[in-house]
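Protein chains get the first letters and strands the later ones, always in sequence-line order, with residue 1 at the start of each.
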There are 2 protein chains.
Amino acid sequence: MTDTATAGRALPHPAREQIRLEFVLHALSDPMRLQIVRELAARDAELTCSQFDLPVTKSTSTHHFRVLRESGVIRQVYRGTAKMNGLRRDDLDGLFPGLLDSLLAAADRQSGPLRPGG
Amino acid sequence: MTDTATAGRALPHPAREQIRLEFVLHALSDPMRLQIVRELAARDAELTCSQFDLPVTKSTSTHHFRVLRESGVIRQVYRGTAKMNGLRRDDLDGLFPGLLDSLLAAADRQSGPLRPGG
DNA sequence: GTCGTAGTTTGACATCTGTCGTAGTACGAG
DNA sequence: CTCGTACTACGACAGATGTCAAACTACGAC
């Protein structure tokens, strides 16, 4: 019975000014994490962890989502029993204009656009 | 006495089509390597390994230059006793339009532009 | 041939990373 | 309160990574 009524448990995120380019690049250099980010960008919505079907166990997923959050690429918020994941597009675009878009375009060129069906 | 008269020893490079986004991002996610690439881009010229003054030993430098070459970010050619390093700008721009520029701009924002003196 | 300069290779080492399995915590429904 | 769902935490482990030191190779100058 805390006062975290709206947010549930809180998760540590770097502030916009704390986001480091190297960490972002490192986060995005893993195929699993790049795929997560691509889906998030393609759907342009907050998704729960379980809406991604990654070929790894749940604990590994948790690990990857944490790396993305701690590097400042995604924002995670608890909503009930689910955990919503959203791309920090405003922060990334503000810090590194054009970077995210060319990154996503590069990934599309390399691996083909994401299936539209989701 | 080989027929490698013009090139000296040959070094393996990935062809343009073999360059993988993930490897490029991984290569650029190390501060030492990002600095190398930034200098190469700022000078817009081929530089020998020893023209960079990195705070690591020669063997570590060799390692970083190799990672950059094998990921397709730089091209290395022997010239006499020196080894010239050049950014593969054409290949990167062809594969991932805009990516290199936003990456370099992002690095400039984060760490300040490179000293013009070189 | 001898020397010096430039860069490589090898081996070692501590740390980091991606992965798993199992056990655990938090919340909503009943 | 009990149960199921969603995600976390911990411990383990193999493999990658960044670093160094020491010995080595390649080339140009003399």
Side-chain angles (χ1 to χ4, degrees), chain A residues 1-13 20 22-37 46-71 73-86, chain B residues 1-13 20 22-37 46-71 73-86:
Chain A
M1 161 135 225
T2 65
D3 58 341
T4 57
T6 53
R9 303 148 266 174
L11 291 162
H13 289 78
R20 298 279 307 148
E22 287 92 339
F23 294 171
V24 171
L25 297 182
H26 173 246
L28 264 25
S29 72
D30 180 276
M32 219 62 64
R33 292 193 292 256
L34 185 56
Q35 188 182 328
I36 291 173
V37 170
E46 298 203 316
L47 299 175
T48 67
C49 295
S50 43
Q51 287 177 55
F52 302 83
D53 62 325
L54 306 170
V56 291
T57 63
K58 280 195 300 176
S59 24
T60 303
S61 288
T62 297
H63 163 69
H64 286 308
F65 279 106
R66 179 169 35 195
V67 172
L68 287 170
R69 171 170 46 83
E70 290 178 346
S71 66
V73 176
I74 67 171
R75 190 176 308 274
Q76 296 191 291
V77 188
Y78 281 105
R79 198 145 87 196
T81 174
K83 192 177 191 175
M84 308 308 296
N85 300 277
Chain B
M1 39 130 345
T2 65
D3 57 342
T4 57
T6 53
R9 299 149 268 172
L11 291 162
H13 289 79
R20 297 281 305 150
E22 287 92 339
F23 294 172
V24 171
L25 297 183
H26 172 246
L28 265 25
S29 72
D30 180 276
M32 218 63 64
R33 294 193 291 258
L34 185 55
Q35 186 181 329
I36 292 173
V37 170
E46 298 203 315
L47 299 176
T48 67
C49 295
S50 42
Q51 286 175 57
F52 302 82
D53 63 326
L54 305 170
V56 290
T57 63
K58 281 195 302 178
S59 24
T60 303
S61 287
T62 296
H63 163 67
H64 286 308
F65 280 106
R66 178 168 36 193
V67 172
L68 286 170
R69 169 171 48 84
E70 290 179 345
S71 66
V73 176
I74 67 172
R75 190 175 308 276
Q76 296 190 291
V77 189
Y78 281 104
R79 198 144 87 196
T81 173
K83 193 178 193 173
M84 308 308 296
N85 299 278

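- Here the side chains of P12(B) and E70(B) are not in contact, with every heavy-atom distance at 4.5 Å or above.
- Distance from the side chain of S50(B) is smallest for dA6(C) among the nucleotides dG18(C), dA6(C), dC7(D).
- Close to dG18(C), at under 4.0 Å from its OP1 or OP2, lies a side-chain N or O of R33(A).
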Watson-Crick and G-U pairing of DNA chain D written in dot-bracket, each distance under 3.5 angstrom, with | for inter-strand partners: ||||||||||||||||||||||||||||||
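- If you take CD of Q35(A) and P of dG18(C), they are 15 Å apart, rounded to a whole angstrom.
- By the side chain to side chain donor-acceptor pair (under 3.5 Å) test, S50(B) is found to be paired with T48(B), residues two or more places apart in sequence or in another chain being considered.
- In this structure, the side-chain contact (heavy atoms from CB on, under 4.5 Å) partners of V37(A), at least two apart in sequence or on a different chain, are L28(A), L68(A), V73(A), L87(A), L104(A).
- Applying the side chain to side chain donor-acceptor pair (under 3.5 Å) rule to R66(A) yields no partners; only residues at least two apart in sequence or on another chain are considered.
- Listed nucleotides dC20(D), dA6(D), dG21(C) differ in distance to T57(A); the shortest reach to its side chain belongs to dG21(C).
- Residues forming a salt bridge (Lys or Arg N to Asp or Glu O under 4.0 Å) with E22(A) (at least two apart in sequence, or on another chain): R20(A).
- Contacts of T62(B) classified as side chain to side chain donor-acceptor pair (under 3.5 Å), with partners at least two apart in sequence or in another chain: none.
- Spacing between atom CG of D30(B) and atom P of dT17(D) amounts to 11 Å, rounded to whole angstrom units.
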Verdict with reasoning, Q51(A) to E46(A), per side-chain contact (heavy atoms from CB on, under 4.5 Å): CA-CA 10 Å; Q51(A) 287 177 55; E46(A) 298 203 316; over 6 Å; no
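- One atom, CZ of F52(A), and another, P of dC7(D), lie 10 Å apart when rounded to the nearest Å.
- Residue Y78(A) contributes atom OH, which lies 19 Å from atom P of dT5(D) at whole-angstrom precision.
- As rounded to whole Å, 12 Å separates atom P of dG7(C) from atom CG of L11(B).
- Nucleotide dG18(D) holds its P atom 12 Å from the CG atom of L28(B), rounded to whole Å.
- Residues meeting the side-chain contact (heavy atoms from CB on, under 4.5 Å) test with T60(B), sequence neighbours left out: V56(B), T57(B), H64(B).
- Residue order along DNA chain C, read from the 5' end via each residue's closest nucleotide, puts S29(A) first among S29(A) and G80(A).
- By the side-chain contact (heavy atoms from CB on, under 4.5 Å) test, H13(B) is found to be paired with L11(B), R69(B), R75(B), Q76(B), R88(B), residues two or more places apart in sequence or in another chain being considered.
- Side chain of H26(A), nearest nucleotide from dC7(D), dG7(C), dG18(C): dG18(C).
- Straight-line distance from the CZ atom of F23(B) to the P atom of dT17(D): 9 Å, rounded to whole Å.
- Taking atom CG on L47(B) and atom P on dA6(C), their separation rounds to 14 Å, with Å as the unit.
- Contacts between residues 58-69 of chain B and DNA chain C, defined by a heavy-atom separation under 4.0 Å, are made by K58(B), S59(B), T62(B), R66(B).
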